[in-house]
Amino acid sequence: MTTPAMEATGVTVAYGATTVLRDLNLRVARGEIYALLGGNGAGKSTTLNAFLGFLAPQTGSVRVCGIDVAADPLAARGQLAYVPENVALYEHLSARENIDYFLRLAGSDRTGATMDATIDDALRAVRLDPAAWTRRLGGYSKGMRQKVAIALAVARQVPLLLLDEPTTGLDPQATSEFNTLLQDLRARGSAIFMVTHDLLGAAEVADRIGFLERGHISHEVAASGAEHYDVRDLYRRYAGATNAAARPEAA
Ligand SMILES: Nc1ncnc2c1ncn2[C@@H]1O[C@H](COP(=O)(O)OP(=O)(O)OP(=O)(O)O)[C@@H](O)[C@H]1O
Ligand SMILES: [Mg+2]
């Protein structure tokens, strides 16, 4: 069996006396799109932070492409790209300049024409309008910024992409373009793990949807071929998860 792109086994995370994740088990295969849903405060960002190595679980293990995040956080982070809800890139630089800068920061030794070709290929892959490539990010919309952040992931050729609420604040057109982009990335072999409140968007693109409730995955559903999901069933489960999140002590 190939190593999963990401895997959490028996993970517990507590902030002081408050346990947020308890016995979390999660596995995302290479080339799979996984959407994690859960109410506010359910622990979705905490889960991302554990995979990013920003916090150390009290128990259990977190692995990225087989690398134990606690043992080697830098190597683990080298395998993934993280796109936060509000993308942080340089406003006074263009899309091309931002990618060039961050690729060098990530240790790329590409130069000249090779670097240019890498950047152009990535920007084409995310379908950013070529007219915008050399414009400063200061004038970009949220959807355009997100494309630049994802283009950086494409250029780095990392096998795993982590996204926190990627479609919040995108209009329907941008959301639909974004979903197409995720499918393109999957076709390139990337695994994608996204935290979202957009149930319908998740049902459109994800191979599996997990519901985070009371600190662990309470339900996990898989898209079966072209049939996709029973959306009414998903709504019922999601409403259940959000209600439970509002009552963290509920058994
Ligand atoms: N650094 C921290 N210190 C203490 N408590 C924290 C910290 N970070 C998160 N929490 C608490 O942990 C719980 C889970 O937070 P988290 O941010 O993971 O939720 P979330 O599912 O991402 O929510 P949202 O949908 O609002 O983004 C919340 O009760 C939150 O208040
Ligand atoms: Mg969050």
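Quick caveat, the model's predicted, so the values are computed rather than measured. We're numbering straight along the sequence, starting at 1.
- Interatomic distance, CZ of Arg145 versus CG of Leu89, reported as 8.0 Å (0.5 Å rounding).
- No donor-acceptor distance shorter than 3.5 angstrom exists from the side chain of Thr19 to the backbone of Arg22, with no hydrogens or angles considered.
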Chi angles and distances behind the side chain to side chain contact (heavy atoms under 4.5 Å, CB included) call for Lys142, Leu170:
CA-CA 7 Å; Lys142 174 168 175 169; Leu170 295 189; 4.0 Å; yes
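- Salt bridge absent: Glu177 and Arg127 never bring a charged side-chain N and a carboxylate O closer than 4.0 Å.
- The shortest side-chain heavy-atom distance between Phe211 and Val221 falls under the 4.5 Å cut-off.
- Transitive grouping of hydrophobic side chains (ILVMFWY, heavy atoms separated by less than 4.5 Å) brings Val195 and Leu24 into a common cluster.
- A salt bridge between Glu7 and Arg27 is present, with a side-chain N of the basic residue lying under 4.0 Å from a carboxylate O of the acidic one.
- Without hydrogens or angle criteria, Lys44 side chain to Leu37 main chain gives no donor-acceptor distance under 3.5 Å.
- A side-chain N or O of Ser45 and one of Asp164 form a donor-acceptor pair less than 3.5 Å apart.
- By the 4.5 Å heavy-atom criterion applied to side chains, His216 and Val11 are not counted as neighbours.
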Please tabulate, for side-chain N and O atoms in residues 129-139, each donor-acceptor pair with protein atoms closer than 3.5 Å (sequence neighbours left out).
from   : atom 1 : to     : atom 2 : distance (Å)
Asp129 : OD1    : Ala131 : N      : 3.1
Trp133 : NE1    : Leu128 : O      : 2.9

Audit row: Asn25, Ile217, side chain to side chain contact (heavy atoms under 4.5 Å, CB included) steps and yes/no
CA-CA 7 Å; Asn25 292 292; Ile217 306 291; over 6 Å; no
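- With respect to Arg188 and Asp184, no salt bridge is recorded, no charged nitrogen being found less than 4.0 Å from a carboxylate O.
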Side chain to side chain contact (heavy atoms under 4.5 Å, CB included) evaluation trace for Ser61 with Arg63
CA-CA 7 Å; Ser61 85; Arg63 289 175 180 273; 4.1 Å; yes
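- Using a 4.0 Å cut-off between charged side-chain N and carboxylate O, Arg236 and Asp233 make a salt bridge.
- Linking Ile, Leu, Val, Met, Phe, Trp and Tyr whenever their side-chain heavy atoms come within less than 4.5 Å leaves Ile192 and Leu212 in two separate clusters.
- Results of the side-chain contact (heavy atoms from CB on, under 4.5 Å) test with Leu161 over Ile150, Ile33, Val154, Leu80 single out Ile150 as the only residue that passes.
- Summarising the geometry, atom CD belonging to Gln146 is positioned 9.5 Å from atom OG belonging to Ser141; distances are rounded to the nearest 0.5 Å.
- Using cut-offs of 30° and 60° on the angle between ring planes, the pair Tyr90 and Tyr101 is perpendicular.
- Connection of Leu163 to Val64 is not established within any shared hydrophobic cluster, with ILVMFWY side chains joined at heavy-atom distances below 4.5 Å, either directly or through further cluster members.
- A continuous path of hydrophobic side-chain contacts links Leu105 to Val148 [ILVMFWY only; heavy atoms under 4.5 Å].
- In the hydrophobic clustering of ILVMFWY residues, with side-chain heavy atoms under 4.5 Å counting as a link, Val205 and Leu199 come out apart.
- Residues satisfying the ring-ring contact (aromatic ring centres under 6.0 Å, His included) test with Phe193, not counting sequence neighbours, are Tyr34.
- Taken to the nearest 0.5 Å, the OG atom of Ser94 stands 8.5 Å off from the CD1 atom of Ile99.
- The residues Arg186 and Asp207 are annotated as salt-bridged, a charged nitrogen and a carboxylate oxygen being separated by less than 4.0 angstrom.
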Apply side chain to side chain contact (heavy atoms under 4.5 Å, CB included) to Thr167 and Asp198, showing your working.
CA-CA 7 Å; Thr167 54; Asp198 177 13; 3.6 Å; yes
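- In terms of the side chain to side chain donor-acceptor pair (under 3.5 Å) criterion, Tyr140 has no residue partners (sequence neighbours excluded).
- With salt bridges taken as basic N to acidic carboxylate O contacts below 4.0 Å, none links Arg110 and Asp116.
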